Amino acid sequence: MHHPKHAALAAALLLPFSTPQTIVPLSGSDWTLSDPGSNVSVPATFPSQAHLDLYAAGLIGDPLYALNDFEQRWVAYSNWTYTSAPISSLNTNASSTWLLFNGLDTFTSISFCGQFVASTNNQFRQYWLDVSKILSGCSNETDRVLAINFGSAPNIADAIASQPGQETWPYGVQQVYEFPNRWFIRKEQSDFGWDWGPAFAPAGPWQPAWIVQLDSEEVYIRNSIVDIYRQGQLNLLPPDQSQPWVVNASLDYFGGLPNNATLSYTLKDLQNHTVSTGTLSDINTTDATVTGSTIIPDGAVDLWWPSQLGPQNLYYITISLQSSSNTTLASVTKRVGFRTIVLNETPISTEQLSQGIAAGNNWHFEINGHEFYAKGSNFIPPDPFWARVTPQRIEQLFQSVVAGNQNMLRVWASGAYSPDFMYDLADEYGILLWSEFEFGDALYPVDRAFLENVRAEAEYNVRRVNHHPSLALWAGGNELENLELMLVNQSAPEELARYTAEYETLFLDTLLPAVFENTRAISYTPSSTSNGWQSLNFSATIPIVERYNNLTAGSVYGETDFYNYDPSVLYNDSALPIGRFSNEFGYHSMPSLQSWRQQVSPADLSFNSTTVLLRDHHDPAGGLNTSNIANSSIGQAQMTEAVEMWYPTPNKTDSVANFSAWCHATQIFQADLYVFEIEFYRRGSGLPNRQLGSLYWQLEDQWVAPTWAGVEYDGRWKVLHYAAKDIYEPVIIAPYYNTTSGNLSVWVTSDLWEAVSGTATFQWYDWSGKQLGVNTSSSVTFEVGAINSTEVLQTFTTDVLSKYDLADVVLHMSVEAQGSLPNTNTTRTFRHDNFFHPTALRDAQLINPGLELSYSNSTGNFTVTSTSGVAAWVWLDYGEGAVVHFDSNAFWLLPNQPREVGYTVQSDSTGGSWIDTVTVQSLWDQTQPTTVGSIANGTANSTGSLPTPYTGAAVKTSVSMLGIVAAALLVVL
Ligand code: BMA
């Protein structure tokens with residue numbers, strides 16, 4: 001299904017080609033970075049950002065190391081100039097010469113041949129600047145130097161904020177992380193700090209640039225849009241799937257367009273067979289665009305589907321611009337897919353009501369006319385420096401996404417618009433990208449200049465990425481209606497009307513047209529999270545009227561987000577919000593010891609070391625800096641409280657082992673909480689709220705710090721990513737428990753598109769693994785409808801467990817069902833296991849399960865066996881130097897039921913010897929002063945305290961990567 005070569009091919013095709021233009025790419029290493037103010041001048045690359053070149057030149061250390069987030073502030077407060085070497089190979093006879101920048105971060109003053117060209121002030125816009133006159137007066141080749149001066153974004157943001165008459169907002173509305181005033185500037189908002197990241201406010205030419213030279217009657221296509229939709233389709237409304245496909249294409253050009261130009265197209269499959277070809281009709285030409293459309297003959301193409309819902313069929317479309325005499329002036333090739341994706345927010349219909357769905361409005365996605373359950377997470381900028389994010393890194397991350405049974409990512413709103421290669425990879429892997437304009441957790445100015453700047457940014461990006469079938473939605477921004485307007489209402493209720501009107505000026509009057517005037521295929525919602533639209537009327541200039549809080553009791557609307565840092569919410573169903581879709585929820589956890597070692601010094605490896613505290617950016621009330629460490633301890637305190645409330649508290653003799661055990665314990669809480677929430681949301685697919693999506697916060701990290709991520713900075717999976725993979729299986733079984741009443745029910749949930757029948761089985765144990773004769777059914781057959789849930793057990797623990805010690809009972813439940821994934825004909829067995837324990841694991845009578853681990857060279861699998869009890873949260877760990885994803889991990893084991901575990905190596909600098917560093921432990925190990933075979937114990941050796949040797953089954957003592965003897969429980973068969 002996946003063809004990596006296509007990404008490279010698509011990237012190569014992005015540059016439009018045409019006849020005798022001169023196109024000089026500015027990418028390369030012929031650049032210098034300087035700051036006259038501080039006398040710095042170093043070699044630079046292009047594209048880049050100043051920190052990266054300073055780091056490469058050895059002038060600053062690794063920005064992500066230790067406290068460099070604070071110590072490198074001077075870089076953000078300086079102005080940086082990127083200067084090219086003299087640009088040869090320019091054609092002095094060209095009729096026009098242009099500078100084309102795909103992204104400048106952010107405030108620039110550009111000069112060429114020593115002459116001022118232009119200033120720019122938006123990281124997200126494309127700029128094309130006519131320098132013909134300057135070049136004609138620049139006869140000396142050595143003078144043809146391009147210099148781009150980047151002003152300090154924090155300084156400029158402050159200067160804009162203090163302009164007389166500048167807009168202000170009520171107290172507490174604007175979320176400040178490290179540098180203030182981010183809402184005045186069009187730059188990645190998290191560059192000024194966020195609760196999961198550092199604040200570098202980087203500057204530089206972060207995207208490629210070119211010099212383009214044209215003859216008269218030559219054009220250059222700087223951007224284009226291909227919009228594919230069903231005839232008659234309107235944004236936000238489910239289209240008629242029996243209608244033919246319309247392809248609407250529009251080219252953005254500069255240069256001299258001859259009169260009466262026309263457009264034609266060729267559609268090819270990936271094997272280069274022509275599927276359809278013809279001319280576009282309804283040609284409309286302006287001084288900047290040429291637009292036309294056509295209908296693709298019936299049956300010519302196969303549909304594109306998200307991961308696990310069908311194949312990812314893709315095609316190449318070439319749009320050619322022709323002169324009246326039929327010479328090709330320019331052409332653009334884009335890889336496209338044929339699908340409809342709609343965010344359906346329509347009122348609940350009578351038919352839906354008769355199915356038991358609660359009144360209100362829908363809020364779910366439909367792919368090719370089918371409802372589906374959206375499973376996924378939230379994507380944040382994968383690095384504080386986009387200029388160094390490679391397609392390989394995104395591909396590795398996306399491999400984790402699909403391996404984790406996810407089909408949708410919400411590309412969160414305060415980073416940068418995703419590069420084309422990211423959409424290309426999402427097209428190939430079948431990952432829907434809910435994409436957002438870059439506004440979040442603040443209200444924004446609405447002066448004309450700001451709005452015009454935003455409009456240009458939105459148009460460029462909407463048109464640039466619209467052809468990707470993975471594009472699922474445009475949302476205006478993050479937490480605007482549910483948080484920002486609510487904060488206004490709290491601190492200045494009398495101003496709510498004014499700020500709501502301003503909110504609409506930007507998010508309805510400005511951004512909505514940027515979507516709807518360019519595409520019919522993609523839905524728009526002004527805010528994630530919201531209660532959806534109240535009315536939708538395409539004869540109005542702005543079709544959407546938002547619902548806000550016009551809610552009818554008993555009805556269900558919109559999406560929910562949920563954050564509660566009181567850890568007692570775990571297992572408390574009544575704490576969770578009931579909506580149609582959950583777009584973010586979460587709790588932070590610590591990264592692994594192996595990750596910490598990559599970015600902090602050995603001396604800082606303790607839970608509350610100053611460095612660790614200052615890298616915890618959660619809740620920095622009043623701002624974060626080295627002098628108010630107290631603020632940073634809020635996040636650490638929340639994680640500590642969660643562990644202490646629910647699990648045996650690690651108390652290892654060795655300090656590094658203790659640090660590692662604590663990091664791991666916070667990850668178990670995080671995973672437990674997310675699993676509990678996902679189980680709750682998924683069950684809702686069969687309840688009146690007809691819940692159809694859960695996207696947890698957050699997919700991945702951009703440095704090593706306590707955050708909400710499930711995938712660490714180098715790609716290693718936290719407990720969360722394994723646990724989410726398990727609970728995002730198509731068919732799951734899960735317990736729901738009310739501690740007060742003792743009401744225990746177990747439900748099967750399926751997101752397959754056909755009803756499936758199967759068997760659920762139940763067996764109670766004590767922690768030693770002895771089966772208990774608890775009076776509940778041992779097996780139940782069931783049928784569960786398409787994207788639905790059904791109860792398979794209901795009992796009261798107060799009743800059936802009255803004779804038992806609640807701290808010594810565990811219920812194992814499992815489900816087996818026959819079915820098939822959508823759009824496949826293969827029937828297979830879907831299986832899932834789960835465990836229920838009526839008390840907190842802190843109070844449970846955990847015993848040493850006597851875990852054994854072996855590795856078979858012939859199968860390439862590990863085998864884990866519990867020899868003497870029920871093992872909770874079994875964890876396979878491995879040393880630094882590799883990134884390995886086990887097929888399953890963080891699972892529970894019953895005694896003497898070995899589990900084989902395969903793995904995928906994502907990267908390996910150990911020459912395969914990571915296998916010797918693999919260890920296994922379970923929650924019981926947290927109760928021990930030392931952890932058998934853990935990597936942390938290897939370190940303990942170096943400080944003199946030997947780990948307790950394992951004395952169970954035959955062991956091979958192996959040498960860990962650090963050259964230290966670790967009692968790895970490894971038997972090589
Ligand atoms: C929500 C998100 C992010 C934030 C996360 C964790 O607020 O939208 O802005 O990072 O929760 O606090």
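First listed ligand is number 1; within each ligand, the first listed atom is number 1. Predicted, not measured: the structure shown is a model, and the values here were computed from it.
- Judged by distance alone, the side chains of Asn68 and Asp62 never bring a donor and an acceptor atom under 3.5 Å apart.
- Residues His51 and Gln72 bring no donor and acceptor atom of their side chains to less than 3.5 Å of each other.
- Pairing each heavy atom of Leu508 with each of Leu512, the nearest pair is O-CB, 3.0 Å.
- For Ser400, the side chain to side chain donor-acceptor pair (under 3.5 Å) partners two or more places apart in sequence, or in a different chain, are Trp717.
- Sorted pairs that involve residues 701-710 and meet salt bridge (charged side-chain N to carboxylate O under 4.0 Å, His left out), not counting sequence neighbours, are lacking altogether.
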Run through all N or O atoms in ligand 1 and write down each protein N or O closer than 3.5 Å, as a pair with its distance.
{"unit_1": "ligand 1", "atom_1": "7 (O)", "unit_2": "Glu479", "atom_2": "OE1", "d": "2.6"}
{"unit_1": "ligand 1", "atom_1": "7 (O)", "unit_2": "Glu479", "atom_2": "OE2", "d": "3.0"}
{"unit_1": "ligand 1", "atom_1": "8 (O)", "unit_2": "Trp412", "atom_2": "NE1", "d": "3.4"}
{"unit_1": "ligand 1", "atom_1": "8 (O)", "unit_2": "Asn478", "atom_2": "OD1", "d": "3.0"}
{"unit_1": "ligand 1", "atom_1": "8 (O)", "unit_2": "Asn478", "atom_2": "ND2", "d": "2.8"}
{"unit_1": "ligand 1", "atom_1": "8 (O)", "unit_2": "Glu479", "atom_2": "OE1", "d": "3.4"}
{"unit_1": "ligand 1", "atom_1": "8 (O)", "unit_2": "Glu584", "atom_2": "OE1", "d": "3.0"}
{"unit_1": "ligand 1", "atom_1": "8 (O)", "unit_2": "Glu584", "atom_2": "OE2", "d": "3.0"}
{"unit_1": "ligand 1", "atom_1": "9 (O)", "unit_2": "Trp194", "atom_2": "NE1", "d": "3.0"}
{"unit_1": "ligand 1", "atom_1": "9 (O)", "unit_2": "Trp412", "atom_2": "NE1", "d": "3.4"}
{"unit_1": "ligand 1", "atom_1": "9 (O)", "unit_2": "Asp441", "atom_2": "OD2", "d": "3.3"}
{"unit_1": "ligand 1", "atom_1": "9 (O)", "unit_2": "Asn478", "atom_2": "ND2", "d": "3.4"}
{"unit_1": "ligand 1", "atom_1": "10 (O)", "unit_2": "Trp194", "atom_2": "NE1", "d": "3.2"}
{"unit_1": "ligand 1", "atom_1": "10 (O)", "unit_2": "Asp195", "atom_2": "OD1", "d": "2.6"}
{"unit_1": "ligand 1", "atom_1": "10 (O)", "unit_2": "Trp196", "atom_2": "NE1", "d": "2.8"}
{"unit_1": "ligand 1", "atom_1": "11 (O)", "unit_2": "Tyr563", "atom_2": "OH", "d": "3.1"}
{"unit_1": "ligand 1", "atom_1": "11 (O)", "unit_2": "Glu584", "atom_2": "OE1", "d": "3.3"}
{"unit_1": "ligand 1", "atom_1": "12 (O)", "unit_2": "Asp195", "atom_2": "OD2", "d": "2.5"}

Could you give the side-chain donor-acceptor pairs of residues 484-493 under 3.5 Å, partners two or more places apart or in another chain?
{"unit_1": "Ser491", "atom_1": "OG", "unit_2": "Tyr171", "atom_2": "O", "d": "3.0"}
{"unit_1": "Ser491", "atom_1": "OG", "unit_2": "Leu487", "atom_2": "O", "d": "3.4"}

